[in-house]
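Counting begins at 1 with the first residue of the sequence.
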Amino acid sequence: MAGGKIRKEKQKGSNHFQGGIPFHKSKGQHILKNPMLVESIVQKAGIKPTDVILEIGPGTGNLTKKLLEAGKKVVAVELDPRMVLELKRRFQGTPLSTRLEVIQGDVLKCELPFFDICVANIPYQISSPLVLKLLDINQRQNFRCAIIMFQREFAMRLVAQPGDKLYCRLSVNTQLLARVFHLLKVGKNNFRPPPKVDSSVVRIEPRKPLPIPAGKLKEWNGLLSLCFSRKNKTLGSIFGQKKVLEMLEKNYRTLESLGQLMNDSEAIDMSVLADEKDNQVDEDETMEVDDGKADEDEMEVEVSDTDSDNDMQANDPNFKAKVIDVLKWYDYADKRSSKLTQNEFIHLLSVFNQAGIHFTSKK
């Protein structure tokens with residue numbers, strides 16, 4: 001619209017930073033300009049002098065400078081070649097230059113080196129895949145924590161608890177693999193150029209050990225995909241639908257034919273998640289905030305709204321009874337995914353497995 005174009009032209013000069021580099025909102029380039037906020041992020045990261053720090057999206061280096069002063073080394077991953085040149089030029093000839101390694105590339109595609117801490121002000125469109133990549137990396141290479149700036153609503157999804165409006169599959173999956181803490185609310189005016197939404201800084205600490213065996217993670221994702229396909233429906237309704245029962249029965253028959261139904265030796269340790277207060281919000285009330293909007297979680301399992309318990313039956317009626325009996329025996333039939341705790345999801349997976357009901361099949 002015309003007003004937007006005029007406003008853009010007026011701000012064009014103010015959107016330039018060191019070296020006269022214009023920032024592109026379309027690429028998620030919003031540089032932190034508030035030095036007090038930069039200092040606060042570094043302090044909350046708890047950086048040790050021996051730490052190797054991974055910084056994603058360093059831009060022109062405002063946060064990079066503080067990270068270099070606090071840690072042993074900074075590995076900065078930047079996609080924009082203009083920012084890479086500016087970053088190198090900024091520290092060239094200074095004592096800090098020997099402790100800076102710059103990688104030009106897409107953080108989602110490139111292989112990341114060892115690091116102790118990740119600190120990042122990222123383009124918000126890569127939030128979900130980046131979190132998944134970091135937690136996947138932790139399965140092979142332990143890092144201590146990640147301090148990341150997210151769009152406000154996405155951050156609230158990460159820390160959401162059962163019964164919260166934003167509680168979703170992302171919440172459950174992330175909190176299975178990590179402890180998540182909300183640290184700061186960040187108003188849009190702390191950036192140049194200012195984004196359309198406010199932000200939050202979140203601390204992610206990978207769990208060690210995991211509450212379930214690594215070999216169970218694929219099946220765990222299958223369970224959550226089903227449960228959150230209609231998170232406000234009862235589990236009895238979801239698991240009573242034809243497509244769900246057909247899929248589970250197919251897995252059951254496959255494992256039965258392979259003689260693996262009773263060969264489930266990977267026990268699930270329920271004690272690891274005993275403390276459900278790990279995700280308490282610790283917010284800095286000095287930061288202004290307005291909730292923005294984030295993309296909904298993509299569901300891998302589609303269940304038709306026209307399916308119902310009355311007109312859908314599995315190939316074997318006894319198998320449907322087997323599934324429903326498990327839900328009723330453990331009082332899950334009338335519960336909803338939006339209200340289930342982490343421990344309840346783990347327990348649900350465990351009791352299904354004990355009954356020979358699995359959410360992935362072995363080929």
Side-chain angles (χ1 to χ4, degrees), residues 28 30-78 83 87 90-91 95-96 99-103 107 112-124 126-127 130-138 141-152 154-156 158-159 174-175 177-187 190-191 198-208 278-287 289:
H30 302 280
I31 308 301
L32 282 171
K33 67 176 185 178
N34 184 340
M36 293 182 62
L37 178 58
V38 171
E39 189 68 39
S40 180
I41 291 173
V42 174
Q43 288 179 358
K44 289 181 178 295
I47 299 170
K48 300 176 182 178
T50 56
D51 281 342
V52 175
I53 306 158
L54 173 68
E55 185 184 10
I56 302 168
T60 55
N62 288 354
L63 180 57
T64 311
K65 183 176 183 296
K66 293 295 183 180
L67 296 176
L68 285 168
E69 292 171 350
K72 176 182 177 181
K73 178 181 179 181
V74 172
V75 179
V77 182
E78 174 59 61
M83 298 295 180
L87 193 64
R90 180 170 184 173
F91 296 104
L96 298 176
R99 307 214 305 267
L100 174 64
E101 177 185 349
V102 182
I103 298 175
V107 69
L112 299 176
F114 169 85
F115 63 93
D116 298 295
I117 291 181
C118 174
V119 181
N121 171 28
I122 63 171
Y124 293 153
I126 70 168
S127 296
L130 177 62
V131 170
L132 294 177
K133 178 167 183 173
L134 289 175
L135 293 176
D136 180 62
I137 287 174
N138 190 63
Q141 164 194 312
N142 290 335
F143 63 92
R144 193 160 72 251
C145 69
I147 310 294
I148 306 180
M149 182 90 67
F150 292 115
Q151 182 174 331
R152 167 74 172 165
F154 183 87
M156 292 298 97
L158 291 180
V159 300
T174 305
Q175 292 171 30
L177 301 175
R179 293 176 175 84
V180 191
F181 305 88
H182 183 276
L183 299 180
L184 296 170
K185 298 177 180 178
V186 183
N190 288 287
F191 300 89
D198 290 298
S199 308
S200 284
V201 178
V202 169
R203 181 183 180 94
I204 300 173
E205 297 178 357
R207 292 187 184 274
K208 305 167 189 176
D278 285 337
N279 299 306
Q280 286 182 335
V281 175
D282 178 19
E283 298 180 350
D284 185 341
E285 298 298 337
T286 63
M287 298 292 174
V289 63

Nearest 0.5 Å please: distance from the [atom1] atom of [X] over to the [atom2] atom of [Y].
X	Y	atom1	atom2	answer
I148	R203	CD1	CZ	11.5 Å
E55	I103	CD	CD1	12.0 Å
L132	I126	CG	CD1	12.0 Å
D51	I47	CG	CD1	7.0 Å
L68	L63	CG	CG	9.5 Å
Q43	I147	CD	CD1	12.5 Å

Expected output: side-chain [X] to main-chain [Y] donor-acceptor under 3.5 Å:
X	Y	value
R207	Q175	yes
R90	T60	yes
K133	V107	yes

Closest approach of [X] and [Y], non-hydrogen atoms and distance?
X	Y	result
Q141	F114	NE2-CA, 3.3 Å
G61	F91	O-CZ, 3.9 Å
F150	S127	CD2-OG, 3.5 Å
A76	P58	CB-CG, 3.7 Å

| query | Any side-chain heavy atom of C118 sitting closer than 4.5 Å to one from I56? | reply |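 Sidechains of I56 and C118: in contact.
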
| field | Check: T64 and L100 side chains under 4.5 Å, non-hydrogen atoms | value |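 Yes; the side chains approach each other to less than 4.5 Å.
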
| message | Checking D116 now: which residues fulfil salt bridge (charged side-chain N to carboxylate O under 4.0 Å, His left out) with it, not counting sequence neighbours? | response |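 Once residues adjacent in sequence are excluded, D116 has no partner under the salt bridge (charged side-chain N to carboxylate O under 4.0 Å, His left out) criterion.
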
| Candidate list L134, I204, I117, test side-chain contact (heavy atoms from CB on, under 4.5 Å), partner F143, passing option |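 The residue from L134, I204, I117 that satisfies side-chain contact (heavy atoms from CB on, under 4.5 Å) with F143 turns out to be L134.
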
| query | Of the options L112, I137, V119, which is the one that meets L54 in a side-chain contact (heavy atoms from CB on, under 4.5 Å)? | reply |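 Among L112, I137, V119, the one that satisfies the side-chain contact (heavy atoms from CB on, under 4.5 Å) with L54 is L112.
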
| field | Trace of the side chain to side chain contact (heavy atoms under 4.5 Å, CB included) decision for V201 with K44 | value | CA-CA 10 Å; V201 178; K44 289 181 178 295; over 6 Å; no

| field | Non-neighbouring partners of R99 that pass side chain to side chain donor-acceptor pair (under 3.5 Å), sequence neighbours left out | value |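 With sequence neighbours excluded, R99 shows a side chain to side chain donor-acceptor pair (under 3.5 Å) to no residue whatsoever.
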
| What's the verdict on side chain to side chain contact (heavy atoms under 4.5 Å, CB included) for F191 and V186, showing C-alpha distance, side-chain angles and the deciding distance? | CA-CA 9 Å; F191 300 89; V186 183; 3.8 Å; yes

